[in-house]
Amino acid sequence: MNITIIGTGYVGLVTGACLADIGNNVLCADVDSRKIDMLKAGGIPIYEPGLSDVVESNAAARRLDFTTDIEASVAHGDVQFIAVGTPPDEDGSADLQYVLAAARNIGRYMEGFKVVVDKSTVPVGTADKVAAAIQEELDTRGRADLRFSVISNPEFLKEGAAVEDFMRPDRIVIGYKDDEPGREALGWMRKLYAPFNRNHERTRVMDVRSAEFTKYAANAMLATRISFMNELANLADRVGADIESVRQGIGSDPRIGYSFLYAGTGYGGSCFPKDIQALTRIARDNGQNLRVLESVEAVNEDQKRVLTNKVLARFGDKLEGRTFALWGLAFKPNTDDMREAPSRVIIDALLRAGAKVVAHDPIAVEETQRVLALDFADAPGLLERMSYSSAKDPLEVLANADALIIVTEWKAYRSPNLERLKALMKTPVIFDGRNLYEPGSMKDSGVVYQGIGRNSA
Ligand code: NAD
């Protein structure tokens, strides 16, 4: 099948590479010529485990190519995936300008039947707007005879495991319009995804609006579990309970399950924060307040400050002359994505309170330098107290540190050599935002240890 992917970011590149890998001819388009030049030269603009191999082998087999030529990209694909960004607008609603620009380009250049697939996360009703934008262009061209249908096919991949998630999806949600072009488009989608359904049927076919809603509902449920546990963890700290024991105690109930019950420094990334905001905004626009989700967001904002509050409670408000080692910058392991990463809030508080920060991350250092330059545009001098390492040995950043702050649970942080850690640090104090260690064994080793909700304050 000839497939075009519009928007070659995290979702677009993974989707394009994986669809090429199962034998389709895929053309990935983007307006960012630096990204496309890099991909054409054999580079990968993002870090995602396994992705470079899939991109490389399919590009070599000529099933995967990249372009900035929008007209050529519209001509190429019978199926046109829209996978552009949908960042939050000032009022929290999803900004649809990129989605609608992509739609208009399709209308401007298409010459035959097109299946237009919304892969981006978009508010309920967006498929109608996409269809209207395409139709408007066709009418302007006097080509109202050309047929198309808009499908909603939200993406559920997780950064850090994106290739694996795409290749072995829990479910494939397809929303279609039950008319003649819609049924034809559904036929194309079933054929495209058939290789993913060999073991068992994973496709959930529904109407377009329900498909659009499903994506927001899934992220809202996951974010709710996180904020729920974070709030209980903070209470556990006050009443002397251990949230890890509580997690295991409730996770064993099959109605609850173990997933997404870890207390931590709050959720970040490119999806949860913006999708929760967008869904609450959609509700407000429709005369309803989603009170649970409004609290989920407020709890998460506070949670990003829990670690620094613990630091300030121990060392005081003025941190001049103090050095803090920080493990983990990316919003989660196995990615270099720094969008809404809790580490940014923590670094901001520490630098503005006068501290030095020595940060380690295996992958995200370069991206961190880029985003911090923007975060500190008002006070670039503060960044002189920030240094970075991506060394194989994360203990290297501990020399003379007053405390270690753990923000992201990279594998390399799981079992540090505590004797070396104590020898390197000025004082062996750990603030663990990911609850990686057992408070009891840390105490036995002579390390002052504070997790989140671990009765260890
Ligand atoms: P991204 O920012 O990494 O990539 C978007 C790309 O689209 C950019 O490269 C940009 O240059 C390009 N673009 C913008 N306008 C364009 C146009 N008119 N024509 C061609 N290219 C254009 O974004 P992402 O993280 O891949 O997210 C894309 C969508 O998928 C969003 O709606 C997001 O919510 C959703 N999503 C993301 C994830 C994730 O983990 N990142 C998971 C599921 C769903």
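Along the sequence shown, residues carry numbers from 1. Just follow the structure's listing: the first ligand is 1, and inside any ligand the first atom is 1.
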Give the atoms of ligand 1, by number and element, whose distance to some non-hydrogen atom of Gly85 is under 4.0 Å. 5 (C)

Is Lys158 near ligand 1, meaning one of its heavy atoms is under 4.0 Å from it? no

Within reach of ligand 1, part of Pro154 (heavy-atom separation under 4.0 Å): neither

heavy-atom search around atom 13 (N) of ligand 1 in the protein gives Val84 CG1, 3.7 Å

Identify which of Thr68, Asp165, Val11 has a heavy atom lying nearest to atom 27 (O) of ligand 1. Val11

Ser270 and ligand 1 - part of the residue with a heavy-atom distance under 4.0 Å: side chain

Which one of Asp30, Val14, Leu96, Asp32 has a non-hydrogen atom at the shortest distance from atom 10 (C) of ligand 1? Asp30

Counting the benzene-type ring for Trp, do Phe196 and Phe166 have ring centres under 6.0 Å apart? yes

Taking it one step at a time, do Asp95 and Gln97 satisfy side-chain hydrogen bond (donor to acceptor under 3.5 Å, both in side chains)? CA-CA 6 Å; Asp95 180 352; Gln97 61 166 311; 3.0 Å; yes

Nearest-neighbour protein heavy atom for atom 4 (O) of ligand 1, which is reported as residue plus atom name and distance: Gly9 CA, 3.2 Å

Report the part of Arg34 (side chain from C-beta onward, or backbone N, CA, C, O) that has a heavy atom under 4.0 Å from ligand 1; answer both or neither where that applies. neither

How many angstroms lie between atom CD of Gln369 and atom CG of Leu374, to the nearest 0.5 angstrom? 12.5 Å

